[in-house]
Amino acid sequence: MDNIVFDRIRSEINANDVVLFMKGTAVFPQCGFSAAAAQILTQLNIAFKDINVLEDSGIRQGIKDFAQWPTIPQLYVKGEFIGGCDIIREMFASGELQDLLRDKGVAFAA
């Protein structure tokens with residue numbers, strides 16, 4: 001895969017504590033899974049960077065190759081790949097996501 005794309009992805013992940021690669025934006029999600037992931041982060045009142053993969057086909061494929069994860073959305077916290085929609089939902093429901101955020105020093109509303 002193109003190193004330029006990986007460098008752009010790495011740069012976004014390193015520059016922002018919480019990054020959600022998604023279809024659409026947090027304000028206007030363009031798929032149900034992306035909407036659900038963004039809604040959880042919004043519900044926790046987390047400041048996060050949303051990156052619309054539909055605007056850039058290089059990023060859309062590149063993020064899948066970068067994480068070796070086949071689906072969008074993808075959540076990164078403090079540089080660490082967390083997972084996709086189902087994982088985010090399960091972690092949120094169990095409190096594991098909140099624990100992870102707390103452990104990594106990311107501010108959120110309980």
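Because only heavy atoms are used, hydrogens play no part in the values below, and waters and symmetry mates are left out as well, while side chains stay in.
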- Item | Hydrophobic cluster membership, F108 vs L75, 4.5 Å side-chain cutoff | yes
- Query: Mind checking whether I82 and L100 have side chains closer than 4.5 Å, heavy atoms only?
  - Reply: yes
- Please round to the nearest 0.5 Å and tell me the distance separating atom CG of N16 and atom CG of D50. 10.0 Å
- Note on the structure: Here the gap from I46 atom CD1 to D17 atom CG, rounded to the nearest 0.5 Å, amounts to 10.5 Å
- Message: Hydrophobic clustering (ILVMFWY, side-chain heavy atoms < 4.5 Å, transitive) - are F48 and I87 grouped together?
- Response: yes
- Query: R60: what forms a side chain to side chain donor-acceptor pair (under 3.5 Å) with it, not counting sequence neighbours?
  - Reply: none
- With a cut-off of 6.0 Å (strictly less than), are more than 12 heavy atoms of other residues, nucleotides or ligands near CZ of F33? no
- Q98 side chain near L44 side chain, heavy-atom distance below 4.5 Å: yes
- Between I59 and W69, is there a shared hydrophobic cluster once you connect ILVMFWY residues whose side-chain heavy atoms come closer than 4.5 Å? yes
- Identify whether the distance between the nearest side-chain nitrogen and carboxylate oxygen of D56 and R8 falls below 4.0 Å. yes
- Qualifying residues under salt bridge (Lys or Arg N to Asp or Glu O under 4.0 Å), relative to E90, sequence neighbours excluded: none
- Query: Heavy atoms, side chains only, cut-off 4.5 Å: are N52 and Q30 in contact?
  - Reply: yes
- Message: I need the minimum non-hydrogen distance between P73 and L20, along with the two atoms involved.
- Response: CB-CD1, 3.9 Å
- Under 3.5 Å, is there a donor-acceptor pair between the side chain of S34 and the main chain of K23? yes
- Query: Picking from C31, C85, P29, what satisfies side-chain contact (heavy atoms from CB on, under 4.5 Å) with M22?
  - Reply: P29
- In this structure, CZ of F6 is separated from CD1 of I13 (nearest 0.5 Å) by 10.0 Å
- Task: Would you mind reporting whether M91 and I88 have side-chain heavy atoms less than 4.5 Å apart?
- Result: no
- V5 and G62: which non-hydrogen atoms are nearest, and at how many Å? CG1-CA, 3.9 Å
- First locate atom CD1 of I9, then atom CD1 of I51, and finally report the distance between them rounded to the nearest 0.5 Å. 8.5 Å
- Minimum heavy-atom distance K64-I72, with the two atoms named: CE-CG1, 4.0 Å
- Is L41 reachable from V106 through a run of I, L, V, M, F, W or Y residues, each pair having side-chain heavy atoms under 4.5 Å apart? yes
- Query: Between S11 and D7, is there a donor-acceptor pair closer than 3.5 Å when you use the side chain of the first and the backbone of the second?
  - Reply: no
- Item | Validation row, ring centre Y76 to ring centre F21 under 6.0 Å | yes
- Using a cut-off of 6.0 Å, state whether more than 12 heavy atoms not belonging to Q39 lie near its atom CD. no
- Message: As a quick check of understanding, evaluate side chain to side chain contact (heavy atoms under 4.5 Å, CB included) for F66 and Q74, giving each step before the final call.
- Response: CA-CA 11 Å; F66 184 83; Q74 292 186 15; 6.0 Å; no
